[in-house]
Each structure stands twice: as structure tokens, then as C-alpha cells.
2 protein chains.
Amino acid sequence: MGKRSTLKDVAREADVTPATVSYVINNTPGQSIRPETRKRVLEAARKLKYAPNAHARTLRNHHSPCIGMVIRKNLAVPRFSQMAYGIQTKLEQEGYNALLLGNKINNLGIADYAEAFLAGRVGGIIFIGTDNQGPDERSLKVLADEHAPLVVFDTQTQADSYSTVDLDYVGGARLSCERVLSRGCKRVLYFRPDIDKPQETLREQGVRETCEAAGVELVCARSPITLGNIELWDARYVGADTEEGLRLSERFLASVANALELVDDGDAVISSWATWTHYFRRIETQRGSRRRLTYAELANNGESWLAADLYTRLPNYEAGAACAEDVLALMRTGVPSARIMKLSNIIEAPLGQQAPNY
Amino acid sequence: MGKRSTLKDVAREADVTPATVSYVINNTPGQSIRPETRKRVLEAARKLKYAPNAHARTLRNHHSPCIGMVIRKNLAVPRFSQMAYGIQTKLEQEGYNALLLGNKINNLGIADYAEAFLAGRVGGIIFIGTDNQGPDERSLKVLADEHAPLVVFDTQTQADSYSTVDLDYVGGARLSCERVLSRGCKRVLYFRPDIDKPQETLREQGVRETCEAAGVELVCARSPITLGNIELWDARYVGADTEEGLRLSERFLASVANALELVDDGDAVISSWATWTHYFRRIETQRGSRRRLTYAELANNGESWLAADLYTRLPNYEAGAACAEDVLALMRTGVPSARIMKLSNIIEAPLGQQAPNY
DNA sequence: CTGAAAGCGCTAACAT
DNA sequence: ATGTTAGCGCTTTCAG
């Protein structure tokens, strides 16, 4: 960092005192400045390319223009990067910036983001959970003790010391399933990962309720994706093509093939995750099958918008914006909130008529 | 921000002076501290949950632990989020954090990120270009004047006041095309966006050279994606399904259908962008065609890894890490560099044998 | 309307 | 081995 001009330099240049410069720069309310003076100051500032030092300001004001953003796993995964973009956009609208923070436990025994808050680097924190895991206990306690404005996303957890944003998995699954049934399927195959966390349980519940209400038979099957191997599954987004990853893909394909044994012409296949429809179509076509199947996905992030006949577009961007709004509101009011995002953005295959298989 | 304990508090608690606390906390070289004292200080710090104020430190040290990250367009697009993750990961390894910065022009006439540098918020900047557009002139000048450590990605531009990281589009296209030809295609259809920027020109050049060298006929066709509508195209990643977007998709599909008129059984279809193979397969299958075509993509980010028979995996994550490395190196040495990332990560359809169409 | 000065929390040169 | 202190750049009270 080279030598930058300071408020003092501007004051000297404009032949006023530092205080006056500060008043002008900040439009300090209740301070009247002679227009001529103001003009001189502004010109001097422009001439010297003066930008107020952000750290001096924060130090003085006890107010940081940064919000910490923690993504428990992997920013490269579409659902998270879409959230991140929503967060970034909303924060910038409000004059804040997002600081990407890690969540490793440091030598103090608390996570990086908690330390960053203690260090005054951020005025609030948005924590994007995965697999239903939120902040660790110790960090949470530290943050609560400090009344840190914190928003936790997607952990389906009640809290009173911080705000939460969650997705309405049951409702979304119900809506999607209703739409699928409206096409007149005789039976539904629901295909989900082998993960027993609320997110997955709630989705299945939504599908189940809807099928029962409609008197349609429901068959469930599971993919070999578990909490133990999901990182491998997501690794394609960092470009890692490992032997292990390929093996997992093959086991996955096998489970899809098995699942396809369970359906007949006219049935529907609802996948709980995005992109899975690709696999179903691929195997079905490889077999030379002519069955008419309806494919749906309960979660889509735009990566496979051409694959499914019907899918729920997860409101990732909007959820990110919601988290940003809520953390700012929490900073302002001190009152935590709990927000549920509806999953009503259900989309029919956007291009042309649905082909039986493509 | 509530009242946090300061170095002085720790000093009082440990019954030493502030300087001593600072020495202990920072392990200041050349300062010997009695073990007993060190222990007392550390205990006091832990007890008070002391974390040094980052702004005071930066103010004093003229050194910020943040690097600014500017994504000219949209962090939600996979290639950018994958880069961002590479940047974040590498920076954190080196003790830095990434601050997401915007690139709107402010009232000073320079971009947000340039102002952030002037304000001392970041010690360096990584600028991720799109459509071959880098930082604007004025901001660039300000940053150059200040000797700001800057790395610009993907603008195919020479520079001597900042570092660059670029992709070897020609080489990548050549390698991919060679691999395609090794399958014995009689002819190649190359399908690219209607954008005349170096990235696209270089890719076509690579394909062309390879076909000429092999004596294979090359046919080129263009999709209706232009610089004017690409944001619409990318908007699916923020969940926006607009009328306009659908219309663009339909025009796109039509251009794919037209392009398919140009090929025969045994030919290859090389798309310049990721996910386009989906469209080709879809239309081909809808037509009930039985032609055997080889599909390849010159750029893939993991979103369509099951679609193409062959694709180049863009080294987004690695490029991000490279940008982070280079900005830190530039900060250390003051010597800018130019780095080219090879596109050698060519992947055969990972799952099972290639089906003619799936 | 403008100026002087204290102090935000930390570090490092200098003293002891 | 530890203490004293000036000062990083800014804001704001208080005086003029």
C-alpha cells in the first residue's frame, strides 16, 4: 500500500481545517458550510483522488460496512453461488459489501467467522448451512454473547438469538407433485438421496401426502448419495474427476437403472435433486425403451433446465437476498426473525412440447 | 457492534502493559517474554474473549488482510463461481479473505473496487472479466498510479502495470478437436455464439487449424447468442424465467435445428459452449433420427457432464487459485506477470459407453 | 460557519 | 524483560 492522500492533505490543499473537510465529505447533518468552501474542499478532494480511509472510519465509528458470508461447504455449487449473488446484490444496494469468511476452527476454539466478528471486521454474519448443519456450538455461543447479528440459512432449526431463513420443502414438493399428477400419471416413483435430514424427509412427506390425497400409488427408491460421499458428488464443480467420483457415478447409475424397473408406461419419475433426470432419460433411451414417462425434479438451479418435464426452481437468489435483508434488519432493530421461502416457482419444460424421451 | 474487550483490557487483567500484550499476541520477533508472563497474558485474552481489532491493526500496519474480488457480471454463473471458490480457497490458505466488490462507477468517476483500494479496504484486486472486457480506463489509471496490485483475468490483453491470467483457447480447441477427429469423423460442424471477441475467434481458429491439418471438412454455424442478449441467457442462474428469455431459447433451438441440417451420419458436432449438446441431442431425438453423431463441447463447467461425448473441462477453480497466487506475488514482489492456463483437461463421457443418442 | 483536540485500538521505536 | 508513548486517519464535541 503506497502513500495515499488523507483528509489532512485535502484540508491543507483547500486551506481549511480537517474538521471542515470531514463535514463536507460526510454531509454531516447540522453543519452548515459556506457553498464556496464546500466547493473548494470537493475540488481539492477530487484533485488529490482522496478516498476516506475505511479502517480509520470504522475504528472511529464502530461500524463496519461489511457483512460476513459463510458457506459451509463449496461456493462452486450452483445453489450456493446463486445465493451468494443474491446476498452480494442486496448488500450492495444497501451500501454494504460481502466478505467471504471461512469456517475452520481457529486456535481460539471458535470458527473464523466468529473471530472476524469479534475483530470488528464485519457487522453481521450470514451463515449458509448444508446438510442441515449450522454454526458450531462454541461459535454460536460467542456470537450470541456478543449479540452478533446472525442469519442462518437452511437448517430447519428454531432459534431465538438469531434470525433464520428456510425453504418450504413440504409445500414445494406438494405443489410439484400435484402438477405431475395433473398430467394423469398412474403411479409415482420418488427417487431421493440416502440422507435422513429434514430437507429430504420433508420433501418425501410432501410427495407422499399428495399421492395419498389423490389415491395414486407411490414407490420410493434411493440413490447411493449419502452424507459421507456428497462432497465427492459436488466435486465436479471444482473440476475434480477422480476415480472415486467415477465409481460413485456408476453406483448412482446402477441405482437409477434399478429404480427404472419399478415403473411402467405412463408413470412419473420425481427426482428429489437437480440433474438426476438426465440419468433416467439416458438409461431409458439406451435401453431403447418407448415408454412414456413424466420426469420431474423437486430442486433445480438452472443446471438442467432442459432435462425435466417439470421442475421446481429453487429460489436461491431470492433466498440470498432475503438473508441479506434480514441481517440488515437485525442490525437495525435487534429483533431476530424467522422466514420461510415458498417453493412455488414451478416450471414446465420451457422449450417446445415435451418429447417422450430426448 | 457492542463493547468488545480491547488490548488494554487484557493488559489490565494480566497486570502488564499494553505493549506486552501486543508482543505476546503477535509473537513479535526480537522480543523475549518471560514464559510466566506470556501464559498470564494468553489466559487473560482467552478469558476476555479478546480478538485484536482488525481495523486498528490495518490502520496502524498499512496492511489489509483482504483482497478485492470483482466479477464483472454475475457470480451465479458456474464458471465465475468456480473461479471465486478457487480464489477464496487459495486466499484463505495464505491468510487473506476475499471481499466481494462491485464495479459500478461511483460519483468520483471511478469504479467501486478502485475506490475500495484507495480507501485501503483491500491490499490487491482480482478482476474477472467477461466478454473480453476488463476494468474501465479511468479506474485502471487510478490503480496504476497507486501501484495497486491487480490481476485481470480473461481479457487477452497485454499489460505492464498489472498481472494477467488467461486461458489457452486455441490450444484447448485444438486438443479437443484432435480427440474428436481421432474417432474418425468425416466432417465437423462447429457451432459457436455470434460474438466476435478473441475468446470465440481463438476457439474457432483452433478447430479450424486442426481440421485443416487432418484434411477434414469444417462447417461453421452460429447461435443467436450475442453480446446484446447474453445476460438474458445467463439469467436462468438467478431464476429469472422471462418471456424474453424463452423467446431467446426458442430462437436458439431453431438455430440448432438449422445446424443439424448441415451434418450427416458419422459427423461430429462441436459446440463452443457448455450445455449446448443438450439441445442438439434433444432435437435429433425428437426427429427420430438414427444418425450416429459425435458431440463435443469446448467448454464445460460440470453443468452438463453427462451430455457431451467429449468435452474440455475449463480449469475455473485452478484459474481462480492462479489469480489469487498472482495477486499475492505481485504484492510481495511488485513484479507483474502474465500467465496462460492450458486447457488440457479433456474428458470422455464419464459414464458407460457412449450411446448414439440418449 | 470554522477550528482545536481527544480518542477509536493497535504497534513499534525508544526507554528503562 | 517490560513500560511509555506517538501516531495511523478519521469523527465529533466543544470553543470560538
Side-chain angles (χ1 to χ4, degrees), chain A residues 1-42 44-45 48-65 115-121 123, chain B residues 1-42 44-45 48-65 115-121 123:
Chain A
M1 279 159 73
K3 190 66 195 155
R4 241 101 74 196
S5 47
T6 72
L7 178 141
K8 260 186 194 154
D9 299 327
V10 177
R12 202 176 310 114
E13 177 77 23
D15 201 33
V16 293
T17 57
T20 307
V21 177
S22 176
Y23 296 149
V24 171
I25 297 291
N26 298 308
N27 267 313
T28 310
Q31 287 288 343
S32 39
I33 302 287
R34 202 156 16 110
E36 197 274 331
T37 309
R38 146 168 281 118
K39 186 151 157 289
R40 233 174 43 240
V41 168
L42 255 17
L48 298 181
K49 279 184 244 160
Y50 169 70
N53 183 291
H55 302 287
R57 248 187 190 170
T58 297
L59 188 57
R60 176 66 225 229
N61 291 342
H62 301 283
H63 175 277
S64 162
E115 182 180 0
F117 182 82
L118 289 182
R121 296 180 68 189
Chain B
M1 277 159 74
K3 191 64 197 154
R4 244 98 76 194
S5 46
T6 72
L7 179 141
K8 260 185 193 154
D9 299 329
V10 177
R12 201 176 311 113
E13 176 77 24
D15 200 32
V16 293
T17 58
T20 307
V21 176
S22 176
Y23 296 147
V24 170
I25 296 291
N26 299 306
N27 266 313
T28 310
Q31 288 287 346
S32 41
I33 302 286
R34 199 153 22 105
E36 197 274 331
T37 309
R38 146 167 281 117
K39 184 151 158 289
R40 233 175 43 240
V41 169
L42 256 17
L48 299 181
K49 279 186 243 159
Y50 170 68
N53 182 291
H55 302 286
R57 250 190 188 166
T58 297
L59 189 57
R60 175 67 224 229
N61 290 342
H62 302 280
H63 175 278
S64 162
E115 182 179 1
F117 181 82
L118 289 182
R121 296 180 69 189

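Residue numbers begin at 1 in each chain, while the letters A, B, ... track the order of the sequences.
In this structure, the CZ atom of Arg40(A) is 14 Å from the P atom of dC1(C), given to the nearest Å. If you measure from atom OH of Tyr23(B) to atom C1' of dT11(C), you get 8 Å, rounded to the nearest angstrom. One can place NE2 of His62(A) at 10 Å from P of dT12(D), the figure rounded to the nearest angstrom. Per the geometry, NZ belonging to Lys8(A) stands 6 Å off P belonging to dC8(D), to the nearest Å. Between the CG atom of Asn27(A) and the P atom of dC10(D) there is a distance of 17 Å, rounded to whole Å. Rounded to whole Å, atom P of dC10(C) lies 9 Å from atom CG of Asp9(B). At whole-Å resolution of the value, NE2 in His55(A) and C1' in dT11(D) are 17 Å apart. Per the geometry, CZ belonging to Arg12(A) stands 13 Å off P belonging to dA4(C), to the nearest Å.
Of the candidate nucleotides dA6(C), dT2(C), dT2(D), dT2(C) has the atom lying nearest to any side-chain atom of Ile33(A). Comparing dT11(C), dC10(D), dT2(C) by their closest approach to the side chain of Asn61(B) singles out dT11(C). You'll find that the side chain of Thr6(A) is closest to dG9(D), out of dT2(C), dG9(D), dT4(D). Looking at the side chain of Leu7(A), the nearest of the listed nucleotides dT11(D), dC8(D), dG9(C) is dT11(D).
Contact between the side-chain N/O atoms of Thr37(A) and the OP1/OP2 oxygens of dT2(C) is found at a separation under 4.0 Å. Contact between the side-chain N/O atoms of Tyr50(B) and the OP1/OP2 oxygens of dC10(C) is found at a separation under 4.0 Å. Side-chain nitrogen and oxygen atoms of Asn26(B) include at least one within less than 4.0 Å of the OP1 or OP2 phosphate oxygen of dT11(C). Distances shorter than 4.0 Å separate none of the side-chain N or O atoms of Thr17(B) from OP1 or OP2 on dT2(D). Side-chain nitrogen and oxygen atoms of Arg57(B) include none within less than 4.0 Å of the OP1 or OP2 phosphate oxygen of dG9(C).
Atom CZ of Arg57(A) sits about 13.0 Å away from atom NE2 of His55(B), to the nearest 0.5 Å.
Remark: side-chain polar atoms of Arg4(B) are not paired, donor with acceptor, to backbone N or O of Asn53(B) under 3.5 angstrom.
Contact annotation for Ser22(A): base contact, defined as any heavy-atom pair under 4.0 Å involving a base atom.
If you find the closest nucleotide of DNA chain D to Arg60(A) and to Arg38(B), the one lying nearer the 5' end belongs to Arg38(B). Across the interface with DNA chain C, nearest-nucleotide mapping of Ala19(B) and Leu59(B) shows Leu59(B) to be the residue nearer the 5′ end.
Using a 4.5 Å heavy-atom threshold, the side chains of Pro52(A) and Leu7(A) count as separate. A 4.5 Å side-chain heavy-atom check between Arg38(A) and Asn27(A) finds at least one atom pair inside the cut-off. Thr17(B) places a side-chain heavy atom less than 4.5 Å from the side chain of Thr20(B).
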